[in-house]
Q: 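Got a structure for you, questions after.
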Amino acid sequence: MNPSRRNFVIGSSAFGAGLSLGFTIPFTANAAGDKNSQTAQPELELGAWVLVQPDDTIIVRIARTEMGQGTLTGLAQLVADEMDADWSKVTTEQVSPQANLARKNVWGQMLTVGSFGIRFSQDYVRRGGAAARQMLMSAAAAQWGVPVHELVCSKGMIYHPNSQRAVSFGKVANAAAKLTAPDPKSLTLKSPAEWKIIGKPLHRLDTAPKLNGTKTYGVDVRLPGMLNAAVIACPAFGGTIQSLDDSEALKISGVKKVVRIDDYAFAVIADTWWHANKGSKAVKVVWNDAKYSGVSDKTIAAHLEDGLKTNTGLYQFRKEGDAAAALGASKKKVEATFFAPFLAHATMEPMNCTALITAERAEIWVPTQDPEGAMLAMSKQSGLPMEKCFVNRYDPGGGFGRRGRVSDYVTQAVNIAQQMPGVPIKMIWSREEDMTHGQYRPISMCKMTASLDDQNRMTAMDVRLSGQSIYAWRNPNADLTGFKDDFQLQGWFKSAESDQQLCYTVPNLTIEYAMRNTSIPVGTWRGVNVPQNAFYMECFIEEVARAAKMDSVTFRKSLMPTQTRQLAMLNLAAEKGNWGQALPAGRHRGIAQFMSYGTYSAATAEVSVSPDGTVRVHRIVLALDCGYAVNPSQIEAQVQGSIVYGLSATLWGECTVEGGHIMQTNFNDYRVLRLAEMPKVETHIKPLMSGPWGGIGEPTIGVVAPAVVNAVSLAIGRPIHNLPLKNEKLV
C-alpha cells in the first residue's frame, strides 16, 4: 500500500496510538464540541467505523438503534469477522446524529425500522471491517519488511509464517493509521464459507448492564437543576383547549408552572414527576372536541364497509387474468370479510424525552429509533439550525415502530423546555397518556372471494382491502387523489424481486385498495401491515382449502411453484410441527405461511379451547429462511418475541374508539401475554447463506395470528374472521 497520509481515517488516540477506520468521507470536526459526539475532540478521532486501541480493544461504532432485537451484536459480528478480530476484545459505541451530520452522513441512515438493522447495513459495515484488516496487515508488513500477501490474520493477531513472527492488532494500530485507506469498493469481502464469527450464536454484548441494573434508559435521566413534566393532551385526536384553569394545580407542593403545548395539550412542570402528575389532575380544562364526538367504532366500521362496496376511488394493485369473469362463471365460491382493529404499541417504557433549550443551543436526552428524526424535530420546534441541536441517544425500553419516523414526544418536550429556557425538563407520558395518544396500527377490513373448479382447484381470487393509510396520516396536506399506496398491501406483491411477495399463483387475481382514513393517528406497528394482511390471506386460504375438502398443506402447495424457498419453509414447518400426526384429545393444529421483509416463514400452532371459551396456545413451531443467519440465538430470541407480541394481539389486542378517542388506558384493559401463558416455541432456521439478506424482527410475527386462528377455527368447527379472539363466541 501507498504509505502516504490521506485526510480521512487518520489521527491519533488519546495516548498517541491506535487506529480508527471509516471510508470515503473526509473528517469534519463539530465546532460545538458536544461531549456526546464522535466529533467532539478531533485530535482523538481517527475515522468512523472501527477504533483499534493499543490494548487490542476493538470498538465498533453502531449507527442503528438497539432496542432488544440484537442489532448491536449482529452488526459487531459483521465487522469483527471481516477484520479477523478476537471477539473477546470487541466492544461497541453508539454514533450520534450530530456526528453523522458533521461528517456528511458517513454512517448512512440511522433509522431503525422495518428490519433495516442488519440487512441494509451489512455491506458497508463489513467493508469497514475489511478496510481495517487490510490496513493493519499493511502496517505489519512494512514493519517486518515482507510482502502483505505472506501474512495471515486470526483472532486479532497478524502472523508471518515464514519468519514465525506475530503481532497483535493494537501493536500496529498507530502505524496503520498513517496509511492510505483502501477504496471500500475495491475490497473483496469474505464468502460465507470463510466466516468464523458471522453465523455463530454468540452471546450479546449488551446483556450485562441490563441484568445488573446499571443500564440507563431515558426515564432514568437526571441532570443538575432538572424539573419534570407531565403532559395531558386532548382525549379526542384533533381537539383543542377551549379553556384552562390552573389555579388549583399551582397550589400543589412542588408544582412550578403550567404551560400550554400549542393548542391541543398542556403540561405541568414540577420538582418531581409525581408532583407534576398530581398537578395535571388538578387542572380544570374544557376541550373543544365536539367535532369528533361522533367518531366511534360504529362510524369507523361503516366507513370501512363503504370501502368494500364502492366502485370509485379504488387503487387496483394487481390484476392478472379476469377474476370477475371467472368468479361469475363459477358454481363453487367462497367469500369472507375479515377485520383487524387498531393496536397500541404498549412499550414497557412510555414515551419520554428530556430537553434543555437556550437561545443558542438545543439538547435532548431521548430513547428513539430515529435519532436523526429526533434531531430534525428538535430543530423545527426550537427554530435553531441542526448544527446547534444535539441528541443524546438512549436505547429504548421497547420500540416496535412507535419510536421510529414519528417524534411527536420530542416536539412536546422541546416545546415545554422552550417555556423555561435554560432549565432541563424531563417529560414523561403517564401510561394512560401513552396508551391513548399513540400512533396505532391501521384498522382495516378485507373482503375476499375465491372460486373452485370441478377438481377443487382455485381458479380466481378477488381481494378488496379497505383501511387507513399510514402515508396519508403522515402527509395530511398531500393531494391523495389517485394515490397508489403500495405500503398498505405488504406481502401481496407479484414481483420476484420484491421483499414482500405473495407466494401463491392464481390464474385470475385482482387486488384492490380503498383508502379510508379516520381521525385516529396511525403508524408503524411491528410488522406494519404484514400481520393484518397475513391474517386475511392465510385464514382465507385455509377456508378455501376446507371448502375444497383438501389438506391445508396440500392445498397451499398446489398454489405455490415448486422448488421455491417459501415452499421449503412450509414443508419444514409442517414436518417439524408434526403435521398430520395425531394430537391429544381437545387439541387442534393450524398452519400458515407468509413472505415479507425478504424472509420466508411458516408456522404451525397447537391450541385448545376450554368449555368456557378460553384459548390456550400450547406449542408453536416456526420455520424461517432469512438468507443469512448472522446470529442464530438472536434470531431465535426474535422469533420468541414476535410470538409474544403476536399472541397478545391475536388473543386480546384492540383499541376501541368512542367520542373520537381511544378507550383503553392501561394493561388492565389492554391485555398482553403473561409468562404462564407462553407456549412452547420451537424455531427452525434454514440459513442458506445465499440470496438476499432478510429481516427477522418484522416478518415472523405475520404467521402467528393465522396459524393460531386456523387451529381455533378447527376447534370450534367454524371459520373466524375477526380479531381479537376475545370478542368471538368460541363455545
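The figures here come from the full heavy-atom set of this structure, side chains too, leaving out hydrogens, waters and symmetry mates. Remember, it's a predicted structure, so these values are computed and weren't measured experimentally.
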Q: Hey, what do you get for CG (N352) to OH (Y217), rounding to the nearest 0.5 Å?
A: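 One finds 12.0 Å between CG of N352 and OH of Y217.
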Q: Is a donor from one side chain sitting under 3.5 angstrom from an acceptor on the other, for T656 and Q664?
A: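 Side chains of T656 and Q664: pair found under 3.5 Å.
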Q: For the pair H437 (side chain) and C234 (backbone), establish whether a donor and an acceptor sit closer than 3.5 Å, ignoring hydrogens and angles.
A: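 Answer holds: yes.
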Q: Within 45° of the axis and under 6.0 Å from the centre of the six-membered ring of F667, does NZ or CZ of R431 qualify?
A: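 Relative to the ring axis of F667, which defines the angle, R431 lies outside at least one limit.
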Q: Show your reasoning for whether side-chain contact (heavy atoms from CB on, under 4.5 Å) applies to R671 and L651.
A: CA-CA 9 Å; R671 270 276 266 127; L651 299 172; over 6 Å; no
Q: Answer whether the closest heavy-atom distance between the side chains of Q500 and F487 falls below 4.5 Å.
A: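 Not in contact.
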Q: More than 12 non-hydrogen atoms from neighbouring residues, nucleotides or ligands closer than 6.0 Å to NZ on K215, yes or no?
A: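 Check passes, neighbour count above 12.
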Q: Checking side-chain polar atoms at under 3.5 Å, does Y264 have a donor or acceptor matched by the opposite partner on Q412?
A: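 Yes - a donor-acceptor pair under 3.5 Å links their side chains.
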Q: Calculate, to the nearest 0.5 Å, the distance between atoms OG1 and CG belonging to T700 and L624 respectively.
A: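 T700 atom OG1 to L624 atom CG measures 7.0 Å (nearest 0.5 Å).
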Q: Would you say the side-chain atoms of D625 pair up with the backbone N or O of Y600, donor to acceptor, closer than 3.5 Å?
A: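 Such a contact is absent between D625 side chain and Y600 backbone.
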Q: Strictly distance-based, threshold 3.5 Å: is any side-chain N or O of Q490 a donor or acceptor partner for the main-chain N or O of N529?
A: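 Answer holds: yes.
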Q: Working to the nearest 0.5 Å, report the span between CD of E636 and CD1 of I685.
A: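 If we round to the nearest 0.5 Å, E636:CD and I685:CD1 are 6.5 Å apart.
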Q: Could you name each residue pair satisfying side-chain hydrogen bond (donor to acceptor under 3.5 Å, both in side chains) that touches residues 70-83, not counting sequence neighbours?
A: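 Applying side-chain hydrogen bond (donor to acceptor under 3.5 Å, both in side chains) to every pair that reaches into residues 70-83, excluding sequence neighbours, yields Q69-T71, Q77-N631, D81-K190.
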Q: State, with a plain yes or no, whether a side-chain heavy atom of I118 is found less than 4.5 Å away from one of L75.
A: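 Yes, close enough: below the 4.5 Å cut-off.
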Q: Decide yes or no for P350 and I428: does some side-chain heavy atom of the first lie under 4.5 Å from some side-chain heavy atom of the second?
A: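 A side-chain contact exists here, since the closest heavy-atom pair is under 4.5 Å.
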Q: Please confirm whether the backbone N or O of A340 pairs with a side-chain atom of Q532, one donor and one acceptor, at under 3.5 Å?
A: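 No; zero donor-acceptor contacts below 3.5 Å.
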Q: So which heavy atom on P442 is nearest to which on V522, and how close?
A: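 Where P442 meets V522 most closely, the heavy atoms are CA-CG1, 3.8 Å.
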Q: Once salt bridge (charged side-chain N to carboxylate O under 4.0 Å, His left out) is applied, what residue pairs with a partner in residues 400-429 remain, sequence neighbours excluded?
A: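 Found E349-R403, R402-D408.
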Q: Is Y645 reaching over with its side chain to a backbone N or O of H345, donor-acceptor style, under 3.5 angstrom?
A: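 Checking the backbone N and O of H345 against the side chain of Y645, a donor-acceptor pair under 3.5 Å is found.
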Q: Is a side-chain donor or acceptor of R393 paired with a backbone partner of T368 at a separation under 3.5 angstrom?
A: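 Looks like no, no N/O pair under 3.5 Å.
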Q: Do L673 and S648 touch side chain to side chain, with heavy atoms closer than 4.5 Å?
A: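 They are in side-chain contact.
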Q: Within a strict 4.5 Å, meaning less than it, do heavy atoms of the V219 and Y394 side chains meet?
A: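 No - every pair of side-chain heavy atoms lies 4.5 Å or more apart.
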Q: Taking all non-hydrogen atoms of both residues into account, name the closest pair between M378 and V410 and its distance.
A: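 Answer, listing the atom of M378 first, then V410: N-CG1, 4.3 Å.
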Q: Give a yes or no on whether the backbone of I62 and the side-chain of Q94 come within a donor-acceptor separation of less than 3.5 Å.
A: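 Flag not set: sc Q94 to bb I62 has no pair under 3.5 Å.
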Q: Taking L376's backbone N and O only, do any of them form a donor-acceptor pair with S379's side chain (distance below 3.5 Å, no angle check)?
A: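 Side chain of S379 to backbone of L376, a donor-acceptor pair under 3.5 Å: no, none is there.
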Q: A side-chain contact here means heavy atoms from C-beta on lying under 4.5 Å apart; do M110 and M375 qualify?
A: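 When only atoms from C-beta onward are counted, M375 and M110 do not touch, as no gap falls below 4.5 Å.
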Q: Under 6.0 Å from the NZ atom of K281, do we count more than 12 heavy atoms belonging to anything else shown?
A: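 Open.
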Q: Rounded to the nearest 0.5 Å, what separation is found between the CD1 atom of I696 and the CZ atom of R119?
A: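 Here the rounded value is 10.0 Å.
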Q: Taking side chain as C-beta onward, heavy atoms only, is Y597 less than 4.5 Å from V530?
A: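 Answer yes - side chains close enough.
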Q: Work out which heavy atom in A76 is nearest to a heavy atom in V60; give both atom names and the distance.
A: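 Distance-wise, the nearest heavy atoms are CA-CG1, 4.3 Å.
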Q: Taking it one step at a time, do Q381 and T411 satisfy side-chain hydrogen bond (donor to acceptor under 3.5 Å, both in side chains)?
A: CA-CA 6 Å; Q381 176 60 41; T411 299; 5.4 Å; no
Q: Look at atom NZ of K200 and say whether more than 12 heavy atoms of other residues, nucleotides or ligands are closer to it than 6.0 Å.
A: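 Yes, NZ of K200 has more than 12 neighbouring heavy atoms, counting only those of other groups under 6.0 Å.
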Q: Dump the intermediate steps for side-chain contact (heavy atoms from CB on, under 4.5 Å) on V366 and V391, then the final yes or no.
A: CA-CA 7 Å; V366 63; V391 177; 3.9 Å; yes
Q: Measuring from atom CG of D499 to atom OG1 of T599, what distance do you get when rounded to the nearest 0.5 angstrom?
A: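 D499 atom CG to T599 atom OG1 measures 9.0 Å (nearest 0.5 Å).
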Q: Show the nearest heavy-atom pair for residues G697 and S642, with the distance to one decimal.
A: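 Closest heavy-atom pair between G697 and S642: O-OG, 3.7 Å.
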Q: In a check of side-chain hydrogen bond (donor to acceptor under 3.5 Å, both in side chains) between E432 and each of N666, T665, N277, which one passes?
A: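 In the set N666, T665, N277, the residue that makes a side-chain hydrogen bond (donor to acceptor under 3.5 Å, both in side chains) with E432 is N666.
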Q: Take L622 and V681, measure what side-chain contact (heavy atoms from CB on, under 4.5 Å) needs, and give me the verdict at the end.
A: CA-CA 8 Å; L622 194 146; V681 176; 5.8 Å; no
Q: Using the rule given for side-chain contact (heavy atoms from CB on, under 4.5 Å), can you reason through R126 versus I198, listing the C-alpha separation, both sets of side-chain angles and the distance that settles it, and then say yes or no?
A: CA-CA 11 Å; R126 286 195 292 148; I198 301 172; 4.2 Å; yes
Q: Can you label the angle between the W429 ring and the Y409 ring as parallel, tilted or perpendicular, going by 30° and 60°?
A: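 Perpendicular.
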Q: Would you compute the distance between atom CE of M348 and atom CZ of F400 and round it to the nearest 0.5 angstrom?
A: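 It comes to 8.5 Å.
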Q: Could you tell me which non-hydrogen atom of E677 sits nearest to which non-hydrogen atom of V672, and how far apart they are?
A: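 Closest heavy-atom pair between E677 and V672: OE1-O, 4.2 Å.
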Q: Which atom pair, heavy atoms only, marks the closest approach of A85 to V90?
A: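 In terms of heavy atoms, the two residues are closest at CB-CG2, 4.3 Å.
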Q: Side chains of R127 and W49: does their closest heavy-atom pair fall under 4.5 Å?
A: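 No, their side chains stay 4.5 Å or more apart.
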Q: Keeping to residues at least two apart or across chains, list the salt bridge (charged side-chain N to carboxylate O under 4.0 Å, His left out) pairs with something in residues 254-270.
A: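 Checked against salt bridge (charged side-chain N to carboxylate O under 4.0 Å, His left out) - neighbours excluded - no pair reaches residues 254-270.
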Q: For G114, is there any backbone N or O sitting under 3.5 Å from a side-chain donor or acceptor partner on E698?
A: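 Yes, because the side chain of E698 sits within donor-acceptor range (under 3.5 Å) of the backbone of G114.
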Q: Hey, does the side chain of N100 reach the backbone of V106 with a donor-acceptor pair shorter than 3.5 angstrom?
A: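 Yes, the answer is positive, given that a donor and an acceptor are paired below the 3.5 Å cut-off.
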